Number of protein chains: 2
Amino acid sequence: MTDADTVRQTRTASHGWYIQRLARQLDLWMAEELAAFDLTHGQFAILMMVIECDGQTQAGIGQRFAMPPYAISRAIDGLETRGLVTRAPHPGSRRAHLVRATDAGRALAPDLAAVVARVNARLTAGLSPERATDFLDMLQTTLSRATQDGCS
Amino acid sequence: MTDADTVRQTRTASHGWYIQRLARQLDLWMAEELAAFDLTHGQFAILMMVIECDGQTQAGIGQRFAMPPYAISRAIDGLETRGLVTRAPHPGSRRAHLVRATDAGRALAPDLAAVVARVNARLTAGLSPERATDFLDMLQTTLSRATQDGCS
DNA sequence: GCTATTTTGTTGCAATTGCAAATATTGCAA
DNA sequence: TTGCAATATTTGCAATTGCAACAAAATAGC
């Protein structure tokens with residue numbers, strides 16, 4: 001077998017290859033959608049998370065995303081400037097903050113959920129509903145080994 | 001239903017969410033592996049592609065990856081400097097180049113394939129072989145709507 | 001044959017990212 | 001109680017990225 005064959009076989013049998021490609025496509029689609037809200041992908045993700053789980057610390061958010069602390073910090077800078085979230089004092093520690101969605105932030109929830117739904121529909125357009133559900137299940141299984149779920 | 005519920009439901013039902021998270025995890029794992037070869041993720045991807053399909057133009061490579069031209073250009077700069085690929089003249093056009101793997105580049109094929117195999121094993125560790133195959137099939141289906149496959 | 005347009009690839013510069021150090025606070029242990 | 005390690009977050013600076021302009025070559029229209 002030639003090197004080309006080896007490599008081709010490796011690639012076409014590689015989940016990672018397709019996941020990376022899909023992720024890039026998703027980034028593109030999300031960027032399209034988020035332009036209307038003037039949110040970066042990171043800000044969007046954090047805002048969604050904060051609406052879902054109000055009053056988390058930045059470290060808590062980071063853990064959930066596997067997003068580095070400085071990225072959280074800067075994304076929240078932007079969201080705070082735009083009045084979508086606030087950094088409230090943590091009751092038990094003066095160095096941690098509770099990140100809370102403002103009313104303005106929470107008001108975006110339906111729109112943001114719609115964005116996700118649209119992108120998702122686009123992504124799964126080639127799969128039957130049953131197969132799409134199964135796909136989701138596999139994604140969750142694969143990821144669950146590296147993450148927790150639910151609020152705090 | 002509260003906004004938190006809406007958002008939570010949206011997220012947990014979103015393929016995109018999990019794909020993005022998985023992609024980030026993969027990036028981390030790949031970075032770990034590629035440190036040994038001193039290759040960026042982009043250089044790795046292009047080198048693999050060039051070994052698989054020798055003598056493509058940069059535009060051809062870019063199309064296959066959905067990678068922007070300047071990223072290709074700079075990644076190949078790095079690979080060329082390190083003697084892993086060359087820019088050969090295109091027979092029919094003086095502005096296009098044929099990107100070819102050198103012997104040194106091709107020599108990395110087994111190692112690079114092994115990297116992919118290891119990362120992939122890690123990724124699918126939670127799935128049975130049958131389910132892993134099915135998962136791969138779904139990824140291909142989902143992506144195929146946006147890509148071509150094979151050489152030239 | 002001559003100009004306009006498109007294709008192919010590169011590059012300057014500004015924005016973004018990421019590391020590593022700094023800041024501030026907390027807890028622990030001698 | 002004091003000093004030392006750990007935690008939570010921010011920030012300076014260097015590396016990377018991405019846009020948009022550029023250059024060069026090929027193609028098309030006149």
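Naming convention: chains lettered A, B, ... in sequence-line order (proteins, then strands); numbering from 1 in each chain. Keep in mind that this is a model prediction, so the values were computed, not measured.
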Engineer: It should be established whether B/Arg94 places a side-chain nitrogen or oxygen under 4.0 Å from OP1 or OP2 of nucleotide D/dA24.
Structural biologist: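 No.
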
Engineer: Would you please name every residue forming a side chain to side chain contact (heavy atoms under 4.5 Å, CB included) with B/Ala117, sequence neighbours left out?
Structural biologist: none

Engineer: Report the distance from atom NE2 of A/His41 to atom C1' of C/dA15, rounded to the nearest whole Å.
Structural biologist: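 Result: 19 Å.
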
Engineer: I'd like to check the salt bridge (Lys or Arg N to Asp or Glu O under 4.0 Å) partners of B/Arg131; sequence neighbours left out, ordered by chain and number.
Structural biologist: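 Scan of B/Arg131 (salt bridge (Lys or Arg N to Asp or Glu O under 4.0 Å), adjacent residues dropped) gives A/Asp134, A/Asp137.
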
Engineer: I need the minimum non-hydrogen distance between A/Trp17 and A/Ser14, along with the two atoms involved.
Structural biologist: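 Answer, listing the atom of A/Trp17 first, then A/Ser14: N-OG, 3.0 Å.
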
Engineer: Rounded to whole angstrom units, what separation is found between the CD atom of A/Gln43 and the P atom of C/dA15?
Structural biologist: 16 Å

Engineer: List in chain and number order the residues that pass salt bridge (Lys or Arg N to Asp or Glu O under 4.0 Å) with A/Asp5, two or more places apart in sequence or in another chain; answer none if no residue qualifies.
Structural biologist: none

Engineer: Holding to side chain to side chain contact (heavy atoms under 4.5 Å, CB included), I want the full list of residues that pass it with A/Ala101, two or more places apart in sequence or in another chain.
Structural biologist: A/Val50, A/Ile51, A/Asp54, A/Arg106

Engineer: If a protein heavy atom is under 4.0 Å from the base, mark B; if only from the sugar-phosphate, S; if neither, -; do that for nucleotides 4-11 of chain D going 5' to 3'.
Structural biologist: --BBSBBB

Engineer: Just how far, in rounded Å, is P of C/dT16 from CG of A/Leu39?
Structural biologist: 14 Å

Engineer: If you look only at pairs with a residue in residues 82-91 of chain A, which of them pass as a side chain to side chain donor-acceptor pair (under 3.5 Å), with sequence neighbours excluded?
Structural biologist: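 Checked against side chain to side chain donor-acceptor pair (under 3.5 Å) - neighbours excluded - the pairs reaching residues 82-91 of chain A are A/Gln58-A/Arg87, A/Asp77-A/Arg87, A/Glu80-A/Arg87.
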
Engineer: Please give, in whole Å, the distance from C/dA24 C1' to A/His90 NE2?
Structural biologist: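 It is 15 Å, rounded to the nearest whole Å.
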
Engineer: Roughly, in whole Å, what's the span from CE in A/Met67 to P in C/dT16?
Structural biologist: 15 Å

Engineer: May I ask which nucleotide in the shown strands pairs with C/dA21, Watson-Crick or G-U wobble, both distances under 3.5 Å?
Structural biologist: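 Per the H-bond distance test, D/dT10.
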
